[in-house]
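Reviewing the structure listed below.
Counting begins at 1 with the first residue of the sequence.
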Amino acid sequence: QISNFLHGGAGVNFLCRQHGFTLKIVDAGVDYDLPYEKGIINMKVRKGTRSYLHEAAMTEEEMELCLERGAEVVRRCHEEGSNILSFGEMGIGNTSSSSMWMTCFTDIPLKECVGAGSGLDNAGIRHKYEILKQALDNYRGDGSPRDIIRHFGGLEMVMAIGAMLQAAELKMIILVDGFIMTNCILAAGKLHPEVLDYAILVLSAADGVQAHTRTLWRLLELYRIPTFLFVTKMDFGRCGREQMMEHLMDLQCREAAFVV
């Protein structure tokens, strides 16, 4: 997939070309020595995280490195003249990490936070839930946002948090799209709620759409985010257009735009 990014063949490459965005590929912790001479930004903290089924995914020091290196990438973008950023990720198992953050930070039951990810069937989803439930039961941390972030997070996700916090500090607009990045802004908001003032949230019918929708609702309920919410596909089960519009207005969302 990284090779696809480099050669311009991924969906994100098409979107960047279409809208005139500059794509920056950042290695946060790929378990491989990548060809950095080809333009990949080397911010690797370690080669993959540990298994949070048995221990914290990363140490305090590794978490701090992720936050700082994510911030450094944003500072470089700002120095180049950018005032708006959109974050994405490519990480193995990060819908699982997102589900763990979601349940810990929103109190939504874990079962409602776990989805098909990259395409699991019902049996696969059940197995995924059982493993994540075991990991949650095994957790012995202090329950603070920082401890939850480092215990269950991916390196690329924590780096995104650092990037989001730095972007907000520099008063840059943060475009947040997808289940993983929505949980990253949720986690960033647990550290510094002010970051949410710079966020534009986007909802699409991508992986984990039901859990993604619930995360967005909880963000709006907790923080009354003064931002725009764009819904890109009406694929919300029993929740129709009128019901969703009514819910958004009740939550004081500034504007909701539906694009089919």
Side-chain angles (χ1 to χ4, degrees), residues 1-52 57-59 62-80 82 84-101 115-120 124 128 149-150 152-167 172 174-185 187-188 202 204 206-208 212:
Q1 186 61 53
I2 293 173
S3 177
N4 205 17
F5 292 152
L6 288 173
H7 292 90
V12 69
N13 296 101
F14 167 76
L15 292 172
C16 287
R17 288 193 296 269
Q18 185 180 48
H19 298 288
F21 286 3
T22 300
L23 177 64
K24 294 186 181 293
I25 304 168
V26 182
D27 176 10
V30 178
D31 189 8
Y32 187 78
D33 294 320
L34 297 172
Y36 302 110
E37 70 279 2
K38 293 187 177 181
I40 300 170
I41 301 172
N42 183 10
M43 292 291 177
K44 192 192 300 287
V45 171
R46 57 174 282 125
K47 290 185 175 181
T49 54
R50 300 167 185 84
S51 171
Y52 56 70
M58 63 193 77
T59 65
E62 288 163 351
M63 175 181 172
E64 287 301 326
L65 281 173
C66 285
L67 293 171
E68 174 52 37
R69 291 180 184 182
E72 173 60 25
V73 173
V74 169
R75 287 193 292 269
R76 293 181 191 179
C77 292
H78 187 262
E79 290 169 2
E80 293 170 3
S82 175
I84 182 168
L85 294 171
S86 178
F87 298 100
E89 43 60 44
M90 188 201 73
I92 302 303
N94 55 18
T95 60
S96 294
S97 292
S98 296
S99 296
M100 299 299 272
W101 283 1
S118 58
L120 295 175
K128 178 179 178 180
I149 287 169
R150 80 172 184 92
F152 296 115
L155 299 165
E156 78 290 354
M157 295 169 66
V158 180
M159 203 167 286
I161 292 174
M164 290 171 174
L165 293 174
Q166 181 65 78
M172 303 171 77
I174 305 167
L175 295 178
V176 183
D177 181 30
F179 181 53
I180 289 96
M181 288 299 110
T182 299
N183 279 283
C184 286
I185 196 72
V202 181
S204 62
D207 285 349
H212 185 191

Side-chain atoms of residues 153-167: list all donor-acceptor pairs with protein atoms under 3.5 Å, sequence neighbours left out, distances to 0.1 Å.
residue, atom, partner, partner atom, Å
Glu156, OE2, Asn94, ND2, 3.1
Gln166, OE1, Arg75, NH1, 2.7

Using residues 1-14 as the side-chain source, report each donor-acceptor pair under 3.5 Å to any protein atom, sequence neighbours left out, with the distance given to one decimal.
residue, atom, partner, partner atom, Å
Ser3, OG, His7, ND1, 3.3
His7, ND1, Ser3, O, 2.7
Asn13, OD1, Ala10, N, 2.9
Asn13, ND2, Phe5, O, 3.0

Please report, to 0.1 Å, the donor-acceptor pairs under 3.5 Å made by any side chain of residues 35-42, with sequence neighbours excluded.
residue, atom, partner, partner atom, Å
Tyr36, OH, Asp27, OD2, 2.6
Asn42, OD1, Lys44, N, 3.2

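Every residue two or more places apart in sequence or in another chain that forms a salt bridge (charged side-chain N to carboxylate O under 4.0 Å, His left out) with Asp33 is listed here: Lys47. Applying the salt bridge (charged side-chain N to carboxylate O under 4.0 Å, His left out) test to Glu62 and every residue at least two apart in sequence or in another chain returns Arg46, Arg50.
Met58 is not listed as a side-chain neighbour of Val45, based on a closest heavy-atom distance of 4.5 Å or more. Inter-residue side-chain proximity for Val176 and Phe87 is flagged as unmet; no heavy-atom pair is nearer than 4.5 Å.
If you take CZ on Arg69 and CE on Met43, they are separated by 7.5 Å, rounding to the nearest 0.5 Å. Taking OG from Ser98 and CD from Glu89, the interatomic distance works out to 7.0 Å, rounded to the nearest 0.5 Å. Between the SG atom of Cys77 and the CD atom of Glu79 there is a distance of 9.5 Å, given to the nearest 0.5 Å. Rounded to the nearest 0.5 Å, atoms CD1 (Ile180) and OG (Ser97) are 9.0 Å apart. Atom-to-atom distance recorded for Ser86:OG and Met181:CE is 9.5 Å, nearest 0.5 angstrom. Note that CG of Leu67 is 7.5 Å distant from CD1 of Ile149, once rounded to the nearest 0.5 Å.
Thr182 places a side-chain N or O within 3.5 Å of a backbone atom of Gly178 that can act as its donor or acceptor partner.
Nearest heavy-atom pair, Thr95 versus Gly117, reported as atom, atom and distance to 0.1 Å: OG1-CA, 3.8 Å. Between Tyr52 and Phe152, the shortest heavy-atom contact is CE2-O, 3.4 Å. In terms of heavy atoms, Ser96 sits closest to Lys128 at OG-CE, 3.3 Å. In terms of heavy-atom proximity, Thr49 sits nearest to Ala57 at CB-O, 3.5 Å.
The list of side-chain hydrogen bond (donor to acceptor under 3.5 Å, both in side chains) pairs with a residue in residues 16-26, not counting sequence neighbours, reads Lys24-Glu80.
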